[in-house]
Visitor: 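My structure is below; once you've seen it, I'll send some questions.
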Amino acid sequence: MTRDWWKHLILILGVIIVIAPFYMMVSYSFKSPGEIDRGEGGFFGRQELMVDEHCVKLRDPSRDEIAAAAPRFPGQSDRDIRDQLMAEAEADCAMRPVVFNYTKAFTEAPLLRYLLNGVIVTASIFLLQVVVALPAAYALAKLRFWGREAVFGLVLFCLLIPVHAIALPLYILLAKIGLTNTYAALVVPWSISVFGIFLMRQFFMTVPDDLIDAARMDGMGEFAIVWRVMLPTAIPALLAFAIFSVVAHWNDYFWPRIVVTGNRDLFTPPLGLREFKGGGDGSDFGPMMATATVIVTPLIVAFLLAQKRFIEGITLNGMK
């Protein structure tokens with residue numbers, strides 16, 4: 001145990017490096033802008049009442065509103081009445097930093113709409129990838145045909161091609177057929193996953209051939225074997241692939257930023273973070289970090305729920 005202390009130290013340092021950004025993200029979502037700028041307040045901040053300046057500006061009274069409020073402040077000038085109304089507005093717009101950040105995260109931009117778009121896009125991509133990957137992986141793992149190894153070699157070669165290298169040709173193709181600013185532009189280019197084909201093929205290689213031969217003797221066709229025999233055995237691998245696929249496309253900023261050029265109704269969660277990017281006076285870091293926390297939370301919950309099956313799928317134990 002004492003000889004392995006350095007291994008534990010390296011692991012602990014690795015954990016700190018990975019956790020530190022998440023710690024800052026959650027902490028900033030609790031703090032006021034002043035505490036964020038000064039780097040003080042601890043993890044949760046002091047949670048002292050702060051005034052939402054944007055809310056106060058919206059309550060700036062017009063001349064008609066000042067005239068209407070005159071009976072409430074007899075004998076005072078219009079300037080004094082305006083000051084009184086602004087003082088009331090500041091009192092009404094005072095709130096705790098955590099309430100301000102998370103309230104603004106959902107009100108400054110249609111975050112629920114962005115989350116729904118993220119669910120639609122990631123779920124559609126994953127389902128299409130499974131529909132393509134399972135038959136392809138089964139053919140590469142269990143069927144004997146001329147050129148099988150060459151096809152598998154092409155699959156491995158495609159793993160080496162970065163997404164950014166094909167982004168421009170894909171965009172030009174989608175633009176020419178009029179599919180930009182649509183769900184199809186966000187989903188269709190990623191409906192085939194070579195990583196999914198590779199992962200499922202490696203898993204299917206561990207499935208005994210006797211199981212497939214028995215299914216054929218029962219009169220099943222190849223597609224029936226894929227969906228009724230191989231699919232149930234591949235649930236751990238599918239859950240592992242689901243984590244990779246969902247995380248990649250849920251957090252993808254590059255491709256949606258290219259094909260969604262003006263329709264806010266199609267924004268995915270990462271694009272929603274742009275709503276909190278300020279101009280010359282900086283960014284709203286508190287609401288931005290609150291939005292990021294809301295976006296990341298479903299992924300963390302999904303991983304914790306599927307953690308056991310995810311590890312089983314990664315180890316590719318196959319059938320025992």
Side-chain angles (χ1 to χ4, degrees), residues 20-118 253 257 262-298 300-301:
F22 293 95
Y23 175 90
M24 294 185 63
M25 176 185 71
V26 177
S27 178
Y28 279 15
S29 73
F30 294 145
K31 293 182 178 182
S32 65
E35 290 173 332
I36 293 174
D37 292 338
R38 295 187 297 270
E40 60 185 26
F43 181 77
F44 292 101
R46 290 189 292 269
Q47 296 302 315
E48 297 176 347
L49 286 175
M50 58 172 287
V51 176
D52 182 357
E53 298 297 338
H54 181 67
C55 173
V56 174
K57 289 180 181 179
L58 293 177
R59 297 276 298 272
D60 191 359
S62 63
R63 290 185 178 274
D64 293 338
E65 291 172 333
I66 292 175
R72 293 173 49 201
F73 307 100
Q76 297 190 23
S77 64
D78 289 351
R79 183 181 182 84
D80 292 335
I81 294 175
R82 182 185 180 280
D83 292 340
Q84 293 282 355
L85 293 177
M86 292 299 293
E88 293 179 355
E90 290 183 0
D92 293 339
C93 294
M95 61 186 72
R96 305 292 178 185
V98 62
V99 176
F100 167 78
N101 291 334
Y102 281 92
T103 299
K104 195 168 183 179
F106 283 94
T107 57
E108 185 77 6
L111 182 57
L112 291 178
R113 174 70 185 187
Y114 300 159
L115 293 173
L116 176 61
N117 289 339
Y253 177 84
R257 182 70 181 90
N263 190 352
R264 289 182 64 194
D265 291 338
L266 293 175
F267 277 13
T268 55
L271 288 182
L273 289 175
R274 296 174 56 226
E275 302 292 319
F276 301 97
K277 180 174 175 57
D281 57 346
S283 300
D284 295 330
F285 290 111
M288 183 185 292
M289 293 301 104
T291 304
T293 301
V294 173
I295 292 172
V296 170
T297 299
I300 297 176
V301 173

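FYI, the numbering just counts along the sequence from 1.
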Visitor: List for me each residue that meets side-chain contact (heavy atoms from CB on, under 4.5 Å) alongside R63, sequence neighbours excluded, and say none if there are none.
Guide: none

Visitor: With no hydrogens and no angle check, is any side-chain donor or acceptor of N117 less than 3.5 Å from a backbone partner on T268?
Guide: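 No; judged by distance alone, with no hydrogens or angles, the pair does not exist.
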
Visitor: Side chains of residues 290-297: which donor-acceptor pairs under 3.5 Å do they make with residues two or more places apart or in other chains?
Guide:
unit_1 : atom_1 : unit_2 : atom_2 : d
T291   : OG1    : P287   : O      : 2.8
T293   : OG1    : M289   : O      : 2.8
T297   : OG1    : T293   : O      : 2.6

Visitor: Got a sec, which residues hit salt bridge (Lys or Arg N to Asp or Glu O under 4.0 Å) with K31, two or more places apart in sequence or on another chain?
Guide: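 By the salt bridge (Lys or Arg N to Asp or Glu O under 4.0 Å) rule, K31 matches no residue at all.
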
Visitor: Taking side-chain contact (heavy atoms from CB on, under 4.5 Å) as the definition, give me every residue that meets it alongside P33, ordered by chain and number, with sequence neighbours left out.
Guide: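 By the side-chain contact (heavy atoms from CB on, under 4.5 Å) rule, P33 matches M50.
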
Visitor: At what distance, to the nearest 0.5 angstrom, does NZ of K57 lie from CE of M86?
Guide: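 Answer for the NZ-CE pair, K57 versus M86, is 10.0 Å.
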
Visitor: Taking only residues two or more places apart in sequence or in another chain, which ones pass side-chain hydrogen bond (donor to acceptor under 3.5 Å, both in side chains) with R264?
Guide: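 Checked R264 against side-chain hydrogen bond (donor to acceptor under 3.5 Å, both in side chains); matches are Y114, E275.
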
Visitor: Okay, side chain of S29, backbone of V26: is any donor-acceptor separation there less than 3.5 Å?
Guide: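 Yes; judged by distance alone, with no hydrogens or angles, the pair exists.
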
Visitor: Who passes side-chain contact (heavy atoms from CB on, under 4.5 Å) against R257, sequence neighbours left out?
Guide: Y253, L271, R274

Visitor: For L111 and L115, what are the C-alpha separation, side-chain angles and deciding distance, and is it a side-chain contact (heavy atoms from CB on, under 4.5 Å)?
Guide: CA-CA 6 Å; L111 182 57; L115 293 173; 4.3 Å; yes

Visitor: Name all residues meeting the salt bridge (Lys or Arg N to Asp or Glu O under 4.0 Å) criterion together with R46; count only those two or more places apart in sequence or in a different chain, and write none if there are none.
Guide: E35, E40, E48

Visitor: Kindly state each residue pair satisfying ring pair (Phe, Tyr, Trp, His ring centres under 6.0 Å) with at least one member in residues 86-113, sequence neighbours excluded.
Guide: none

Visitor: For M288 and L273, work out which heavy atoms get closest and say how close.
Guide: O-CD2, 3.6 Å

Visitor: For D37, what residues pass the salt bridge (Lys or Arg N to Asp or Glu O under 4.0 Å) criterion, not counting sequence neighbours?
Guide: none

Visitor: Can you list every ring pair (Phe, Tyr, Trp, His ring centres under 6.0 Å) pair that touches residues 25-46, not counting sequence neighbours?
Guide: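 Ring pair (Phe, Tyr, Trp, His ring centres under 6.0 Å) check on residues 25-46 returns Y23-F43, F30-F43, F30-F44.
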
